[in-house]
Amino acid sequence: MKKLSSEEVRRAAAGVAAFALTIAIGLLVVIGGIIPSAFTTLFFFPIFFVGWRYPLPASLGVAAIASVFSSPAMELAGVTVDRSVLPLLWLGWPAVYLFLAVSANQWRGIQTQRSQLDATERHLTDVSARNDKREQELETLSAIHTTILSGIDEPGVISEITRRVAEVCGAKICTITVPVGTTGERPFLPSGFTEEVFNRIFPNGSPYGEGVSGWVMLHRRMAASSNVFEDPRYDKLRDFAALVGYVSSAAAPIELNQDILGALVICYPEEHDFTPEELTRLERLARQTELALRSVRQRESLSRSALETALAL
């Protein structure tokens with residue numbers, strides 16, 4: 001037997017309570033001993049509630065109960081009926097109750113449809129935005145590939161990568177962080193600030209392992225920080241973040257050589273909660289950056305080999 005959820009239990013309890021309230025109002029009519037009764041207008045509340053919250057048959061059931069308690073049939077229960085208004089009692093109140101039940105139910109249906117249409121519109125907008133982002137990402141990857149084929153050297157390729165990644169991610173800063181020996185790290189050809197600004201604070205490189213870039217190089221996994229000034233992974237780098245003006249950051253690992261790991265880093269000037277989709281995009285861009293660096297280095301290695309061969313011959 002299927003177990004009801006807490007929401008379904010509450011909904012069922014509310015429905016039972018509405019039916020019980022309808023019967024309780026009917027008992028007040030009986031106790032009042034006369035129809036028309038001042039209590040009959042109280043039937044509007046449970047009818048409207050059930051019509052708004054539940055399917056039409058339920059609201060019609062409440063309306064039917066209210067109609068019986070408001071009709072001349074209550075003479076059978078010893079209630080005095082004013083016969084001068086018999087048409088109103090037989091037709092008027094049932095028609096009012098029926099109209100209220102149907103109107104509340106239709107109104108609720110319209111509101112539900114409107115909510116569904118709004119949700120569909122938001123979904124389509126999100127899909128369109130994701131498609132636009134994906135298209136920008138593909139354009140970025142194509143531009144990187146074109147840059148590689150154009151024969152530009154490694155610094156030129158990296159400068160194009162950081163600029164393009166910053167654009168597609170909407171980031172203020174993008175850089176590739178590389179290790180400096182075993183004790184430090186520094187940005188390489190950043191977009192959004194200059195290396196001179198970094199060297200002003202860290203002439204020998206920032207402490208190795210600091211920030212999301214350091215965490216990535218230590219753990220070989222993605223990392224993100226919505227606020228670097230509240231992140232315990234940041235210490236000395238907070239001064240640099242304040243200087244160049246970024247608050248949030250994310251990084252993906254990049255294999256520079258077989259045993260050397262760097263990080264592709266993006267930064268934003270405000271707090272930013274990175275979504276899984278954004279982190280996945282950054283990871284894809286990091287993989288493409290790896291391929292770009294390997295291609296450039298292989299091409300340069302072949303060029304050197306060809307030159308050395310030519311000189312030897």
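- The shortest side-chain heavy-atom distance between Arg233 and Glu210 does not fall under the 4.5 Å cut-off.
- Ser103 places no side-chain N or O within 3.5 Å of a backbone atom of Leu100 that could act as its donor or acceptor partner.
- To the nearest 0.5 Å, the span separating CG on Asn227 from CD on Glu271 amounts to 4.0 Å.
- Contact detail for Pro187 and Thr175: the closest heavy-atom pair is CB-OG1, 3.2 Å.
- In this structure, the ring of Phe198 has its center less than 6.0 angstrom from the ring center of Phe202.
- In this structure a side-chain-to-backbone donor-acceptor pair under 3.5 Å is missing from Ser37 to Gly33.
- Nearest heavy-atom pair, Asp231 versus Ser225, reported as atom, atom and distance to 0.1 Å: OD2-OG, 2.8 Å.
- Side-chain contact, Ser248 with Glu270: no donor N or O sits under 3.5 Å from an acceptor N or O.
- Across Pro179 and Met217, no two heavy atoms sit closer than the pair CD-SD, 4.0 Å.
- For CZ of Phe229, the number of neighbouring non-hydrogen atoms (other residues, nucleotides, ligands) closer than 6.0 Å is greater than 12.
- In plain terms, the two heavy atoms of Ile35 and Phe69 that are nearest each other are CD1-O, 3.5 Å.
- Sorted by first then second residue, the side-chain hydrogen bond (donor to acceptor under 3.5 Å, both in side chains) pairs that include residues 55-77, not counting sequence neighbours, are Ser70-Tyr97, Glu75-Arg83.
- Between Arg186 and Glu195 no salt bridge is recorded (no basic side-chain N to carboxylate O distance below 4.0 Å).
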Stepwise salt bridge (Lys or Arg N to Asp or Glu O under 4.0 Å) check, Arg200 with Glu196: CA-CA 6 Å; Arg200 201 181 308 162; Glu196 288 75 16; over 6 Å; no

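- Note that SG of Cys267 is 9.5 Å distant from NZ of Lys172, once rounded to the nearest 0.5 Å.
- Taking the centre of each ring, Phe274 and Tyr268 come in below the 6.0 Å mark.
- Remark: the backbone N or O of Ala104 is not paired with any side-chain donor or acceptor of Arg108 at under 3.5 angstrom.
- Residue Leu285 forms a side-chain contact (heavy atoms from CB on, under 4.5 Å) with just one option from Thr280, Ile161, Leu264, Ile254, and that option is Leu264.
- Between Val165 and Ile266 the shortest side-chain heavy-atom distance falls below 4.5 Å.
- Looking at every heavy atom in both residues, Ala251 comes nearest to Ala263 through CB-CB, 4.3 Å.
- Taking the six-membered ring where the residue is Trp, the centroids of Tyr246 and Phe193 are separated by 6.0 Å or more.
- Across all non-hydrogen atoms, the minimal contact from Met74 to Val30 is CE-CG2, 3.2 Å.
- From Arg287, atom CZ reaches atom CG of Leu291 across 8.5 Å, with rounding to the nearest 0.5 Å.
- Cation-pi geometry between Arg11 and Tyr54 is satisfied (NZ or CZ under 6.0 Å from the ring centre, within 45° of the ring normal).
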